[in-house]
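Below is one structure; the comments refer to it alone.
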Amino acid sequence: MTFILVRKLLRDARAALIVVCLLLFVFAAFWVKITQRVTTQIVPVARLVSQPFGNEKTLEKVFVRGPSKVSQAALGWGEVNFNQPVDFLAIGLLHPVVLVVCLVWGVGRAAGAVAGELDRGTMELLLSQPVPRHQLVLAHLAVDAVVLPLLCLSFFAGTQFGLWAAGDFVPDYALLDEAAKESPKLASLLDLIPLDRTPLTVNAQGELLGLVNTLGLLFAISGMTLALSALGRSRWRVIGYAVLVLVVMFLANTIGQLWEPAGWVRPFTLFYYYQPQRAMIEGAWCVDLGKTWELGRPVPVPAVGVLLAVGAAGYALALRAFTRRDLPAPL
């Protein structure tokens, strides 16, 4: 009977799943193109123009890293080397599009698991079949085990397609060439500076490691929302509560990152443990609570482990609440 429920839930979610997978695929492919433009056109030109100042990264820090450094802090992770395409690709996993998709999918699907059925008046019809209540919760867990990896693999497939379509990452100095046509002094200066057109190395296989962190975030959001759904009876009210909690967590993590006195609150948010760039670039899976709380010693905590534990706790709470509660009659 659980398999039948899983098949039904997958069939009900297939339209939304296809749309979200395509959205992630297309975004990842376009992010590759953005990465190519930044790392082969903007950064090389900034480094070249900076050489007369004695530091080839002067303008890169001012025009490229300056504005983006605030964004990096807001998203919860530090330095990114813009000379490396892989580093810039990693930023895509923290782009607002990806975060919003995680929130919409995790909250939207899980909110309809129990509260949505009660809201539509279809829970009685479902439970009129020989289906134990715990099997319904386990069926949603099985659906997450199938769907969440598909979402992550869609993003990875989009990145690989984008790399294939974009071709080699060759430094492009077309902007300087056009400016040199109008400025003889710039043209004479460029004649004295060698232009490095060596293709940049791009290997996005490590993105799979970062996507494991994304899967953990999706599961945590889904489990938390399912617990609220098992306690409520209105889908939209559950969605409102879940979104409110996640927005407060995001703001707390952002403020704590930008304002050090408030940094102690960050470990109590899901987004503190969502650092896919560190896994993708450095292969680092742990966050240091000792540094955040100034304990004087490192306290490594597995980021993905915390997210999976939160999701599992949400499912456990949902299982307990749903199997024990009295279901209201449909209005």
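For the numbers below, each heavy atom of this structure counts, side chains included, while hydrogens, waters and symmetry mates do not. Positions are given from 1, in the same order as the sequence printed here.
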Q: Return each pair, listed once, that meets ring pair (Phe, Tyr, Trp, His ring centres under 6.0 Å) where at least one residue sits in residues 203-230; pairs must be two or more places apart or across chains.
A: Phe219-Tyr315
Q. Checking side-chain contact (heavy atoms from CB on, under 4.5 Å) for the pair Met249/Val245: CA distance, chi angles, key distance, verdict?
A. CA-CA 6 Å; Met249 284 186 177; Val245 170; 3.9 Å; yes
**Q.** Nearest atoms (heavy-atom pairs only) where Ala28 meets Gly158
**A.** CB-C, 3.8 Å
Please list, one pair per line, the donor and acceptor atoms closer than 3.5 Å that link side chains of residues 145-156 to other protein atoms, with sequence neighbours excluded.
from   : atom 1 : to     : atom 2 : distance (Å)
Ser154 : OG     : Leu150 : O      : 2.8

(Q) With a 4.5 Å cut-off on side-chain heavy-atom distances among I, L, V, M, F, W and Y, is there a chain of contacts connecting Leu211 to Val86? (A) yes
(Q) side-chain contact (heavy atoms from CB on, under 4.5 Å), that's the test. Do Phe169 and Leu163 meet it? Break it down for me. (A) CA-CA 9 Å; Phe169 281 51; Leu163 291 174; 4.0 Å; yes
Q | Linked hydrophobic residues, Val104 as query - side chain contacts closer than 4.5 Å | A | Val100
Q: Look at the side chain of Asp288 and the backbone N and O of Pro298, then say whether any donor-acceptor pair between them is shorter than 3.5 Å.
A: no
(Q) How long is the straight-line distance from CD1 of Ile239 back to CH2 of Trp236, given to the nearest 0.5 Å? (A) 4.5 Å
Q) Can you tell which of Asn213, Thr214, Asn253 makes a side chain to side chain donor-acceptor pair (under 3.5 Å) with Tyr274? A) Thr214
Q. Can you name the residues that form a side chain to side chain contact (heavy atoms under 4.5 Å, CB included) with Trp293, not counting sequence neighbours?
A. Trp264, Pro267, Phe268, Leu289, Leu295
Q) Any chance CZ of Phe27 has more than 12 other-residue heavy atoms, nucleotides or ligands included, within less than 6.0 Å? A) yes
Q) Do Arg278 side-chain atoms and Cys286 backbone N/O form a donor-acceptor pair below 3.5 Å? A) yes
Q.
Ring-plane angle category for Phe271 and Phe250, please: parallel below 30°, perpendicular beyond 60°, tilted otherwise.
A. perpendicular
Q) Which atom pair, heavy atoms only, marks the closest approach of Val287 to Gln275? A) CG1-NE2, 3.6 Å
**Q.** Pairing residues for Ala252 by the side chain to side chain contact (heavy atoms under 4.5 Å, CB included) criterion, not counting sequence neighbours
**A.** Val265, Thr269
Q: Indicate yes or no: at least one non-hydrogen side-chain atom of Leu246 is less than 4.5 angstrom from one of Met224.
A: yes
Q.
Using only atom types and a distance under 3.5 Å, with no angle test, would you say the side chain of Ser229 pairs donor to acceptor with the backbone of Thr225?
A. no
Q: Would you verify whether the NZ or CZ of Arg133 falls within 45 degrees of the ring axis of Phe322 while also being under 6.0 Å from that six-membered ring's centre?
A: yes
Q: Check step by step if side-chain contact (heavy atoms from CB on, under 4.5 Å) holds for Leu215 and Leu307.
A: CA-CA 9 Å; Leu215 187 148; Leu307 294 175; over 6 Å; no
Q. Are the side chain of Arg235 and the backbone N or O of Gly108 linked by a donor-acceptor pair below 3.5 Å?
A. yes
Q. Who are the side chain to side chain contact (heavy atoms under 4.5 Å, CB included) partners of Ile255, not counting sequence neighbours?
A. Trp259, Ala262
(Q) Under 3.5 Å, is there a donor on one side chain and an acceptor on the other for Tyr272 and Thr292? (A) yes
Q) Which atom pair, heavy atoms only, marks the closest approach of Tyr273 to Ala303? A) O-CB, 3.2 Å
**Q.** Leu94 vs Gln277 side-chain heavy atoms within contact, under 4.5 Å
**A.** yes
Q. Which heavy-atom pair separates Val32 from Ala166 by the least distance, and what is that distance?
A. CG1-CB, 4.2 Å
Q: For residues Gln135 and His140, determine if any side-chain heavy atom of one lies less than 4.5 Å from a side-chain heavy atom of the other.
A: no
Q: Please report the shortest heavy-atom distance between Ala204 and Thr159, naming the atom on each side.
A: CB-CG2, 3.9 Å
**Q.** Closest heavy-atom pair and its distance - Leu228, Val238
**A.** O-CG2, 3.7 Å
Q: Go through the steps for Trp105 and Arg109 under the test side-chain contact (heavy atoms from CB on, under 4.5 Å), then give the verdict.
A: CA-CA 6 Å; Trp105 178 265; Arg109 200 199 69 80; 3.8 Å; yes
